[in-house]
Amino acid sequence: MTHYDLAIIGSGSGNSVITPEWDDRKVAVIDGGTFGGTCLNVGCIPTKMFVYPAQLAAQASEAARLGVDSRLEGVRWREIRDRIFGRIDSISEGGKRYRDEELENVTLYSEFVRFTGPHRLETASGAEITADQIVIAAGSRPVLPDIPGIDLPQVHTSDTVMRVEELPERVLILGGGYIAAEFGFVFSAFGSRVTMAVRSGALLRAQDETVSERFTEAAAGQWDLRLNTTVQSLVENPDGSVRAMLSGPAGASALDVDLILVATGRVPNTDRLDTAAAGFDLEPDRRLAVDEYQRVLSQGEPVPGIWALGDVSSEHQLKHVANLEARTVTHNLLHPDDLQAASHRFVPAAVFSHPQIASVGLTEVQARAYALEHGMDLVMAVQEYGSTAYGWAMEDVTGFVKLLADRTSGRLLGAHIMGHEASMLLQPLVQAMAFDLDAYTMARGQYWIHPALTEVVENALLSLGTDPQDTALRA
Ligand SMILES: Cc1cc2nc3c(=O)[nH]c(=O)nc-3n(C[C@H](O)[C@H](O)[C@H](O)COP(=O)(O)OP(=O)(O)OC[C@H]3O[C@@H](n4cnc5c(N)ncnc54)[C@H](O)[C@@H]3O)c2cc1C
Ligand SMILES: NC(=O)c1ccc[n+]([C@@H]2O[C@H](COP(=O)([O-])OP(=O)(O)OC[C@H]3O[C@@H](n4cnc5c(N)ncnc54)[C@H](O)[C@@H]3O)[C@@H](O)[C@H]2O)c1
């Protein structure tokens with residue numbers, strides 16, 4: 001049995017909790033997977049490194065609309081893959097080496113671990129660890145639906161699909177969320193024939209309704225989108241491809257593909273940690289229950305010295321949320337008498353597909369309910385990229401900014417953008433919400449560069465009609 005001042009389970013966002021203040025104390029970092037966690041190795045970073053070249057590939061066919069004829073000569077999949085992972089793998093290995101060899105006070109356990117009591121852990125090889133403080137940053141993993149043939153080697157999740165040897169000719173994607181939308185674009189832009197089977201009637205259903213509807217339409221123009229369709233079974237063909245039996249509105253059909261990507265959500269890793277043995281509370285979706293200080297709860301009360309952060313305890317499976325929670329835990333571990341709460345107000349997110357999507361705050365349906373409950377006068381504006389000068393330059397026909405606000409205060413309740421660089425256009429709106437800037441002041445209290453695409457945000461803010469003078473006139 002080895003005792004530590006601090007034990008951290010998970011080397012993704014958990015890794016950043018070790019600050020110089022821990023230099024004179026004993027710390028254990030425990031990770032049974034690849035050092036650096038999901039975002040670095042199989043998540044945000046490699047996916048975006050595939051999305052960017054996919055955007056370059058897609059430009060070839062889109063430029064013709066503007067009178068520029070270019071042709072995609074080819075995509076060197078292995079070269080792209082090896083460039084991406086050449087960079088990422090060395091960051092992971094360097095981080096691991098630093099923790100393992102260069103920090104004398106830190107011990108790295110490269111194995112999985114489970115709880116045997118609130119402050120007691122056992123590693124897969126049987127080592128016993130106790131610690132005064134434990135930070136649980138064990139993340140989440142992909143869910144595989146129960147379909148016959150799901151264990152075939154041609155079936156991938158985001159954990160493995162980016163490392164395949166060849167660009168698959170025919171891909172079937174299951175699911176209609178973030179990962180499906182991003183990989184649907186990457187594979188189709190690279191030239192694979194993509195079919196996407198979605199069990200409901202639209203993609204990205206957690207997004208604002210206009211976004212979901214218009215993205216679904218845009219996606220159907222890029223790949224074979226089968227809505228209201230389920231996969232019944234997967235059977236290997238003699239030539240190594242896979243026959244998927246689909247069931248959709250037109251009945252049953254067979255589809256032969258070379259690769260299947262399952263993107264049907266992720267579950268927190270609480271089961272593998274055996275959190276039940278420690279008596280920790282779980283939310284209905286199996287993530288750890290925590291309070292605003294990121295303290296893990298047991299029977300509704302914080303367990304002294306036990307913290308959680310990121311996907312294992314968050315309703316937002318997003319890296320910037322995990323990072324903020326890691327900063328909160330870092331502070332709270334060192335300042336027990338001055339605990340800070342993690343703020344989850346206005347959490348933005350982006351889907352790096354084509355078109356790109358970015359959003360923050362309430363969807364229209366949520367905003368209507370909120371306004372009704374709080375007696376607010378809800379106003380909404382939808383501003384097309386194509387209504388601004390830069391949108392003309394792009395001949396844009398899909399991009400838009402949708403804003404929802406309270407008419408009286410001008411306070412933004414939600415912002416949703418679909419189109420070119422949506423994630424960048426959204427950020428000033430996140431800032432306005434975080435710092436309580438009303439829509440009219442944001443629009444008229446500063447210069448907007450002409451004729452930048454940001455004018456679409458300026459115009460959307462003005463279209464809300466929250467000018468205080470207008471409001472006074474209407475009152
Ligand atoms: C394909 C994909 C793309 C994504 N893109 C984005 C994006 O663009 N933007 C964004 O904000 N978010 C994105 N995300 C989400 C983001 O990656 C996660 O929210 C984030 O990485 C979670 O970090 P974490 O520290 O909570 O967990 P992780 O980084 O997953 O770290 C958990 C670690 O714990 C280890 N572990 C688990 N159980 C145990 C155990 N019992 N014992 C020991 N070790 C254990 C694991 O091996 C892992 O290394 C993406 C996710 C995926 C899958
Ligand atoms: N750009 C980003 O920030 C980014 C990118 C990728 C992933 N992520 C994070 O990772 C999480 C996981 O991504 P994801 O795309 O797997 O999940 P998701 O929750 O975004 O989408 C899951 C999809 O699978 C469908 N589904 C669920 N169970 C199914 C079943 N049994 N059969 C058929 N369809 C089923 C759902 O209806 C939904 O369309 C996301 O929620 C997100 O938080 C973020």
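All ligand and atom numbering here is 1-based and tracks the order in the structure. What's counted below: heavy atoms across the whole structure, side chains too, no hydrogens, waters or symmetry copies.
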Distance only, no hydrogens: is a donor on one side chain within 3.5 Å (strictly under) of an acceptor on the other, for His119 and Thr130?
-> no
Determine the minimum heavy-atom distance between Arg345 and Ala434, stating which atoms define it.
-> NH2-O, 3.4 Å
Could you tell me whether Val42 approaches ligand 1 through its side chain, its backbone, both or neither, with non-hydrogen atoms closer than 4.0 Å?
-> backbone
So is there a nitrogen or oxygen of Tyr178 less than 3.5 Å from a nitrogen or oxygen in ligand 2?
-> yes
Among protein heavy atoms, which lies nearest atom 44 (N) of ligand 1, and at what distance?
-> Gly32 N, 3.3 Å
Among all protein non-hydrogen atoms, which one is nearest to atom 53 (C) of ligand 1, and what is the separation to 0.1 Å?
-> Arg266 NH1, 3.3 Å
Going by an N to O cut-off under 4.0 Å, is there a salt bridge joining Arg78 and Glu165?
-> yes
Sub-4.0 Å atoms of ligand 2 with respect to non-hydrogen atoms of Gly175 = 24 (O)
Would Thr195 and Arg226 count as having a side-chain donor-acceptor pair, cut-off 3.5 Å?
-> no
Glu101 with Lys96: basic N within carboxylate O range, under 4.0 Å = no
Output yes when Arg25 and Asp5 qualify as a salt bridge under the 4.0 Å nitrogen-oxygen rule, no when they do not.
-> no
Verify salt bridge (Lys or Arg N to Asp or Glu O under 4.0 Å) between Arg214 and Asp208, making sure each step is shown before the conclusion.
-> CA-CA 10 Å; Arg214 289 176 61 167; Asp208 175 84; over 6 Å; no
Within-shell test, Leu174 vs ligand 2, heavy atom, strictly < 4.0 Å = no
Shortest protein contact, atom 15 (O) of ligand 2 (heavy atom only) = Ile179 N, 2.8 Å
From Glu315 atom CD to Asp285 atom CG, the distance as rounded to the nearest 0.5 Å | 8.5 Å
Can you find an N or O of Pro145 that's nearer than 3.5 Å to an N or O of ligand 2?
-> no
Do the side-chain N and O atoms of Glu182 and Ser353 include a donor-acceptor pair separated by under 3.5 angstrom?
-> no
Under 30°, 30 to 60°, or over 60°: which ring-plane class applies to Tyr109 and Tyr4, parallel, tilted or perpendicular?
-> perpendicular
What atoms of ligand 2 come closer than 4.0 angstrom to any heavy atom of Leu318?
-> 3 (O)
The protein heavy atom nearest to atom 30 (C) of ligand 2 is Arg199 NH1, 3.5 Å
Just need the protein heavy atom nearest to atom 16 (O) of ligand 2, so name the residue and atom and give the distance.
-> Gly265 N, 2.8 Å
Filtering Gly36, Gly43, Ser11 for the heavy atom nearest atom 2 (C) of ligand 1 leaves Gly43
Could you tell me if any non-hydrogen atom of Ser200 lies under 4.0 Å from any atom of ligand 2?
-> no
Any idea which protein heavy atom is nearest atom 7 (C) of ligand 1, and the distance to it?
-> Cys44 CB, 3.5 Å
Shortest protein heavy-atom distance from atom 25 (O) of ligand 1, along with the residue and atom involved = Ser13 OG, 2.6 Å
For atom 10 (C) of ligand 1, the protein heavy atom that lies nearest, with its residue and separation = Lys319 N, 3.4 Å
Quick one: look up the protein heavy atom nearest atom 19 (O) of ligand 1 and list residue, atom name and how far away it is.
-> Asp311 OD1, 2.8 Å
Is there a nitrogen or oxygen of Leu273 sitting under 3.5 Å from a nitrogen or oxygen of ligand 1?
-> no
Could an N or O of ligand 1 be found under 3.5 Å from any N or O of Ile9, whether backbone or side chain?
-> no
Between Arg368 and Glu364, is there a side-chain N and carboxylate O pair less than 4.0 Å apart?
-> yes
Taking atom 11 (C) of ligand 2 as the point of reference, which of Lys319, Glu182, Gln317 owns the nearest heavy atom?
-> Gln317
Run the numbers on Glu111 and Ser125 for side-chain hydrogen bond (donor to acceptor under 3.5 Å, both in side chains), then give the verdict.
-> CA-CA 8 Å; Glu111 49 183 327; Ser125 65; 2.8 Å; yes
Test side chain to side chain contact (heavy atoms under 4.5 Å, CB included), reference Ile80, set Phe85, Tyr52, Phe190, output is Phe190
Would you mind running through ligand 2 and noting each atom that sits below 4.0 Å from a heavy atom of Lys48?
-> 1 (N)
From the list Val27, Leu309, Val29, side chain to side chain contact (heavy atoms under 4.5 Å, CB included) partner of Val135 resolves to Leu309
Identified side chain to side chain contact (heavy atoms under 4.5 Å, CB included) partner of Leu426 from the options Val401, Ile417, Val457 = Ile417
For ligand 2, is there an atom lying under 4.0 Å from some heavy atom of His316?
-> no
Which atoms of ligand 2 have any heavy atom of Ala350 under 4.0 Å away?
-> 1 (N), 2 (C), 3 (O)
For atom 8 (O) of ligand 1, which protein heavy atom lies nearest, and how many Å away is it?
-> Lys48 NZ, 2.7 Å
Single hit among Phe183, Trp77, Phe185, Phe187 for ring-ring contact (aromatic ring centres under 6.0 Å, His included) with Phe50 | Trp77
Distance from atom 39 (O) of ligand 2 to nearest protein heavy atom, with residue and atom = Gly176 N, 3.0 Å
Which residue owns the protein heavy atom closest to atom 46 (C) of ligand 1, what's the atom, and how far is it?
-> Asp31 OD1, 3.4 Å
Should Ala180 be counted as touching ligand 2, given the test is an N or O pair under 3.5 Å?
-> no
